[in-house]
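The next block holds one structure in the form of structure tokens; read it before the comments.
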Amino acid sequence: MSETSPAQEGILRFHRALRPGFGTESAVYGTILVSGLIAVASTKDETSVAVLITVAVTVVVFWGAHVFAGVLARFGDHEHRESGMGLRAAFRASLRESLGLLTSSAVPALILLAGTTRIIPDGIANYVALWSGVVILGFLGYVAFLRRRSPLVIRILGTLATASFGLVFVILKALVH
């Protein structure tokens, strides 16, 4: 595929706009983490408030641990030490690298918030938040293969493979519930 269609260009523009906090490795990991949290936290007919609190607290703790690990690794790394990277620079780099882990919870959290305010019923909010992870992962998979200019069939397979990480949690919730 040598040229992209206007629709594909729109998808790529949308992804570029979101990329700093959404289309990164840590965002993919965060989306999988949040999907797992929602699946587990909502297994006993928990309210969306309880699920939202569980997700928020856990994501913040994991994000803090990820930032800390990044600072420690960069600060102690020989290459970074030789280049004169100080603690402050290591902290900024780690914050930038870890942003996706934090922001990846935004869409599911907003859906859960809609359940807490009774805009949508709790059970539906929990399921929609869980399915949002599948959609987000599928979108990120599609974009990854689109950026490589892969043929449509490969983009679809990449989408399905990436979305399957979220589907595992949907199936887990269905089996446990």
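Here the structure is a predicted model, which is why all the values come from computation and not from measurement. The figures that follow rest on heavy atoms only: side chains count, while hydrogens, waters and symmetry mates do not.
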Worksheet item: Under 4.5 Å between any side-chain heavy atoms of L99 and L95, yes or no?
Response: no

Worksheet item: Should we say atom OH of Y142 is surrounded by more than 12 heavy atoms from elsewhere, each under 6.0 Å from it?
Response: yes

Practice prompt. Test side-chain contact (heavy atoms from CB on, under 4.5 Å) on L37 and V59 and set out the steps.
Written response: CA-CA 9 Å; L37 289 168; V59 166; 4.2 Å; yes

Worksheet entry | Pairing residues for E9 by the side-chain hydrogen bond (donor to acceptor under 3.5 Å, both in side chains) criterion, not counting sequence neighbours | T4

Discussion item. Starting from V28, can I reach V135 by hopping between I/L/V/M/F/W/Y residues whose side chains sit under 4.5 Å apart?
Written reply: no

List, one per line, each side-chain donor-acceptor pair under 3.5 Å for residues 87-94, sequence neighbours excluded.
residue: S94; atom: OG; partner: V67; partner atom: O; Å: 2.7

Item to complete: Applying side-chain contact (heavy atoms from CB on, under 4.5 Å), run through R147 and R155 and close with a yes or a no.
Response: CA-CA 10 Å; R147 289 174 68 198; R155 289 188 309 235; over 6 Å; no

Worksheet item: Of the non-hydrogen atoms in V134 and G166, which two are nearest, and what is the gap between them?
Response: CG2-C, 3.5 Å

Worksheet item: Of the non-hydrogen atoms in S35 and G133, which two are nearest, and what is the gap between them?
Response: OG-CA, 3.7 Å

Fill in: Single-linkage hydrophobic cluster, 4.5 Å side-chain cutoff, I53 and Y127 together
no

Item to complete: Would you check, one step at a time, whether the test side-chain contact (heavy atoms from CB on, under 4.5 Å) holds for T159 with F145?
Response: CA-CA 8 Å; T159 300; F145 286 93; over 6 Å; no

Item to complete: Would you kindly confirm whether L172 and W131 end up in one hydrophobic cluster when ILVMFWY residues are joined by side chain heavy atoms under 4.5 Å apart?
Response: yes

Worksheet item: Would the number of heavy atoms belonging to other residues, nucleotides or ligands and lying under 6.0 Å from CZ of F62 be above 12?
Response: no

Discussion item. When you compare the side chains of K173 and T43, does any donor N or O come within less than 3.5 Å of an acceptor on the partner?
Written reply: no

Worksheet item: Transitive ILVMFWY cluster of L72 at side-chain heavy atoms under 4.5 Å: who else is in it?
Response: F68

Worksheet item: Would you call T47 and V51 a side-chain contact if the rule is heavy atoms closer than 4.5 Å?
Response: no

Item to complete: Check whether any side-chain N or O of S150 sits under 3.5 Å from a backbone N or O of L146 as a donor-acceptor pair, and report yes or no.
Response: no

Fill in: Pairs touching residues 49-71 that satisfy side-chain hydrogen bond (donor to acceptor under 3.5 Å, both in side chains), sequence neighbours left out
H66-S98

Could you pull out every donor-acceptor pair under 3.5 Å between side chains of residues 115-122 and any protein atom, sequence neighbours left out?
residue: T116; atom: OG1; partner: L113; partner atom: O; Å: 2.7
residue: T117; atom: OG1; partner: L113; partner atom: O; Å: 3.2
residue: T117; atom: OG1; partner: A114; partner atom: O; Å: 3.2
residue: R118; atom: NH1; partner: G115; partner atom: O; Å: 3.1
residue: R118; atom: NH1; partner: D122; partner atom: OD1; Å: 3.2
residue: R118; atom: NH1; partner: D122; partner atom: OD2; Å: 3.3
residue: D122; atom: OD1; partner: S48; partner atom: N; Å: 3.1
residue: D122; atom: OD1; partner: S48; partner atom: OG; Å: 2.4

Discussion item. Are V170 and I136 connected into the same hydrophobic cluster when the rule is that any two of I, L, V, M, F, W, Y join if their side-chain heavy atoms are below 4.5 Å apart?
Written reply: yes

Fill in: Nearest atoms (heavy-atom pairs only) where I111 meets S132
CD1-CB, 3.7 Å

Fill in: Test side-chain hydrogen bond (donor to acceptor under 3.5 Å, both in side chains) applied to Y29 - qualifying residues, sequence neighbours left out
none

Worksheet item: Which atom names give the shortest non-hydrogen contact between L112 and A125, and what distance separates them?
Response: CD2-O, 4.1 Å

Worksheet item: Distance from S26 atom OG to L101 atom CG, nearest 0.5 Å?
Response: 6.0 Å

Worksheet item: Do the side chains of F169 and L130 get nearer than 4.5 Å, heavy atoms only?
Response: yes

Fill in: Hydrophobic cluster membership, V49 vs V40, 4.5 Å side-chain cutoff
no

Worksheet item: Hey, are the side chains of P108 and I38 touching, using non-hydrogen atoms and a 4.5 Å cut-off?
Response: yes

Discussion item. To check you understand the geometry: which heavy-atom pair defines the closest contact between I11 and F139, and what is its length?
Written reply: CG2-CE1, 3.9 Å

Discussion item. Would the distance check show the side chain of S5 and the main-chain N or O of Q8 forming a donor-acceptor pair, the cut-off being under 3.5 Å?
Written reply: yes

Response to the item:
Minimal heavy-atom distance between T162 and L137, with the atoms involved, is CG2-O, 2.9 Å

